[in-house]
Amino acid sequence: MNMKIFVDSDADVRLARRIRRDTGEKGRDIGMVLDQYSKFVKPAFDDFILPTKKYADIIIPRGGDNHVAIDLIVQHIRTKLGQHDLCKIYPNLYVIHSTFQIRGMHTLVRDSQTTKHDFVFYSDRLIRLVVEHGLGHLPFTEKQVITPTGSVYTGVDFCKRLCGVSVIRSGESMENALRACCKGIKIGKILIHREGDNGQQLIYEKLPQDISERHVLLLDPILGTGNSAVHAINLLISKGVPESNIIFLNLISAPQGVHVVCKSFPRIKIVTSEIDIGLNEDFRVIPGMGEFGDRYFGTDDDYQQVVAL
């Protein structure tokens, strides 16, 4: 269940309601109601209902009279209803809020006729948004500073133990945005050979020696089948990185890849800008944006010829 609620009413209130209902609607006398309550209702409540309280996400004292709690629950449900369906299933999946600017940038980077210069420019803008959103999920500590007016401002201090890891080669396109947001950040590399839907093979890895003590931003612009991502995450975990310390950043995701990663690693966070329809028979994301690395670095001769034509 997405939300588990325990409505906690006072025992005297529950008994008064039962007496009022049973005497008024069922024609029972008070002695019969109290006898049934003490012999069956109360013991059953203590044995079967009360123990479920510890599993609740939200406990509402005073039941329906607690209007503040009800308003909070309504707002939470409205937020969930406005999310992508997969976000309702996986609380560790975050899709950045879509605006006309974001939709417009996606339109440009997905257009096969977009020039390399424009593709890089608008991809960088989207990547920066994803990186900033991902950084917002890092832990923070409260910090007070003195402003130039001599006043005290209570803010937060950035996470210090942080590094990036890019999946070569497409992931390297996200490094500049990360460096622009995090001055002097260490960035490791992972190279995984991809061949269809399987056959993943680790070719190369160069990671910070103290990576197990850091939060890790894993960079790969496209989440397709999820197999490469699983391989990369398993490598990080084998190096001692806690699963909960990994944030996976990408531009677009296929639902199949989201299922694979979220089910395999329920404690990592995935941050993406859009979730696409799915995969085609060649395991490419559709509608997608083609081979991201080739388009970004300008190494796809076939693609360049198509644009020229």
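Since this is a predicted model, take the numbers as computed values, not measurements.
- Not one N or O on the side chain of S264 forms a donor-acceptor pair closer than 3.5 Å with the backbone of V261.
- Counting all heavy atoms, side chain and backbone alike, D10 lies closest to D12 at OD2-N, 2.9 Å.
- Side-chain N or O atoms of N66 include one that pairs as donor or acceptor with a backbone N or O of P61 at under 3.5 Å.
- Of the possible donor and acceptor atoms, none in the side chain of S166 sits under 3.5 Å from a partner among the backbone N and O of G171.
- Between Y37 atom OH and K39 atom NZ the span is 15.5 Å, to the nearest 0.5 Å.
- Separating the CZ atom in F292 from the CD1 atom in I252 is a distance of 9.0 Å, to the nearest 0.5 Å.
- Connection of I89 to V95 is established within a shared hydrophobic cluster, with ILVMFWY side chains joined at heavy-atom distances below 4.5 Å, either directly or through further cluster members.
- Between R169 and D294 there is a salt bridge, since a side-chain N of the basic residue sits under 4.0 Å from a carboxylate O of the acidic one.
- Looking only at side-chain heavy atoms (C-beta outward), N245 and V216 stay at 4.5 Å or farther from each other.
- For the pair P221 and N250, the tightest heavy-atom approach, listed with the atom from each and the gap, is O-CB, 3.5 Å.
- What you find for V7 and G63 is that their closest heavy atoms are CG1-CA, 3.4 Å.
- Side-chain contact between N92 and R267 is absent, with no heavy atoms from C-beta onward closer than 4.5 Å.
- Aromatic ring orientation, H117 versus F121: parallel (interplanar angle below 30°, classes split at 30° and 60°).
- Side chains of I127 and S173 form a contact here, defined as non-hydrogen atoms less than 4.5 Å apart.
- Under the 4.5 Å side-chain criterion, counting only non-hydrogen atoms from C-beta, M289 is in contact with I222.
- Grouping the Ile, Leu, Val, Met, Phe, Trp and Tyr side chains by contacts below 4.5 angstrom, directly or via other members, places I30 with L15.
- Salt-bridge formation is detected for the pair K42/D46: a Lys NZ or Arg NE/NH1/NH2 atom is positioned less than 4.0 Å from an Asp or Glu carboxylate oxygen.
- With hydrogens and angles disregarded, no donor-acceptor distance shorter than 3.5 Å links the side chain of R18 to the backbone of V33.
- Linking Ile, Leu, Val, Met, Phe, Trp and Tyr residues whenever their side-chain heavy atoms come within less than 4.5 Å leaves I70 and I77 in two separate clusters.
- Partner of L249 under the side chain to side chain contact (heavy atoms under 4.5 Å, CB included) criterion, chosen from L135, L178, L219: L219.
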Criterion side-chain contact (heavy atoms from CB on, under 4.5 Å) on D22 and M32, from CA distance to verdict: CA-CA 9 Å; D22 286 4; M32 184 185 300; over 6 Å; no

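- Residues S123 and R295 have side chains that never bring a donor and an acceptor to within less than 3.5 angstrom of each other.
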Steps toward side-chain contact (heavy atoms from CB on, under 4.5 Å) verdict (I211, V165): CA-CA 10 Å; I211 194 169; V165 174; 4.0 Å; yes

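- The number of heavy atoms from other shown groups lying within 6.0 Å of CZ (R110) is above 12.
- Side-chain atoms of V120 and K116, non-hydrogen and from C-beta on, do get closer than 4.5 Å to each other.
- Applying the 6.0 Å contact sphere to NE2 of H137 captures more than 12 heavy atoms from other residues, nucleotides or ligands.
- Between E175 and K189 there is a salt bridge, since a side-chain N of the basic residue sits under 4.0 Å from a carboxylate O of the acidic one.
- Remark: I146 CD1 is packed, more than 12 non-hydrogen atoms of other residues, nucleotides or ligands lying under 6.0 Å away.
- Heavy-atom neighbours of K143 NZ from other residues, nucleotides or ligands within 6.0 Å: at or below the threshold of 12.
- Between N234 and F265 the shortest side-chain heavy-atom distance falls below 4.5 Å.
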Criterion side-chain contact (heavy atoms from CB on, under 4.5 Å) on E132 and I96, from CA distance to verdict: CA-CA 10 Å; E132 292 281 13; I96 63 176; over 6 Å; no

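- Rounded to the nearest 0.5 angstrom, I192 CD1 and D220 CG are separated by 8.0 Å.
- When all heavy atoms of Q113 and D111 are compared, the closest pair comes out as N-OD1, 2.9 Å.
- For the atom pair CG (L138) and NZ (K269), the distance works out to 8.5 Å, reported to the nearest 0.5 Å.
- Hydrophobic clustering keeps I73 apart from F6 (ILVMFWY residues linked when any side-chain heavy atoms are closer than 4.5 Å, directly or through intermediates).
- Here CD1 of I60 is found 12.0 Å from NE2 of H67. Values are rounded to the nearest 0.5 Å.
- Remark: the backbone N or O of G31 is paired with a side-chain donor or acceptor of D29 at under 3.5 angstrom.
- In this structure a side-chain-to-backbone donor-acceptor pair under 3.5 Å is present from T272 to L251.
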Stepwise side-chain contact (heavy atoms from CB on, under 4.5 Å) check, L218 with I268: CA-CA 10 Å; L218 181 62; I268 79 160; over 6 Å; no

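- Note: L217 CG to I246 CD1 = 10.5 Å, rounded to the nearest 0.5 Å.
- Here the side chain of T114 pairs a donor or acceptor atom with the backbone of L108 at under 3.5 angstrom.
- Other residues, nucleotides and ligands contribute more than 12 heavy atoms inside 6.0 Å of the NZ atom of K160.
- Within a 6.0 Å radius of CZ in F45, other residues, nucleotides and ligands contribute more than 12 heavy atoms.
- The 12-atom threshold is exceeded at CD of E243, counting heavy atoms of other residues, nucleotides or ligands nearer than 6.0 Å.
- Counting all heavy atoms, side chain and backbone alike, G188 lies closest to P208 at CA-CD, 4.2 Å.
- Between I19 and L34 the shortest side-chain heavy-atom distance falls below 4.5 Å.
- Using the six-membered ring where Trp is involved, H133 and Y94 have ring planes that are tilted, between 30° and 60° apart.
- Around atom NZ of K54, no more than 12 heavy atoms belonging to other residues, nucleotides or ligands sit under 6.0 Å away.
- Side chains of L129 and S273 form no contact here, defined as non-hydrogen atoms less than 4.5 Å apart.
- L50 is connected to I59 through a chain of hydrophobic side-chain contacts under 4.5 Å among Ile, Leu, Val, Met, Phe, Trp and Tyr, so both are in one cluster.
- Shown here for V258 and S253, the closest heavy-atom pair between the two residues is CG2-CB, 3.8 Å.
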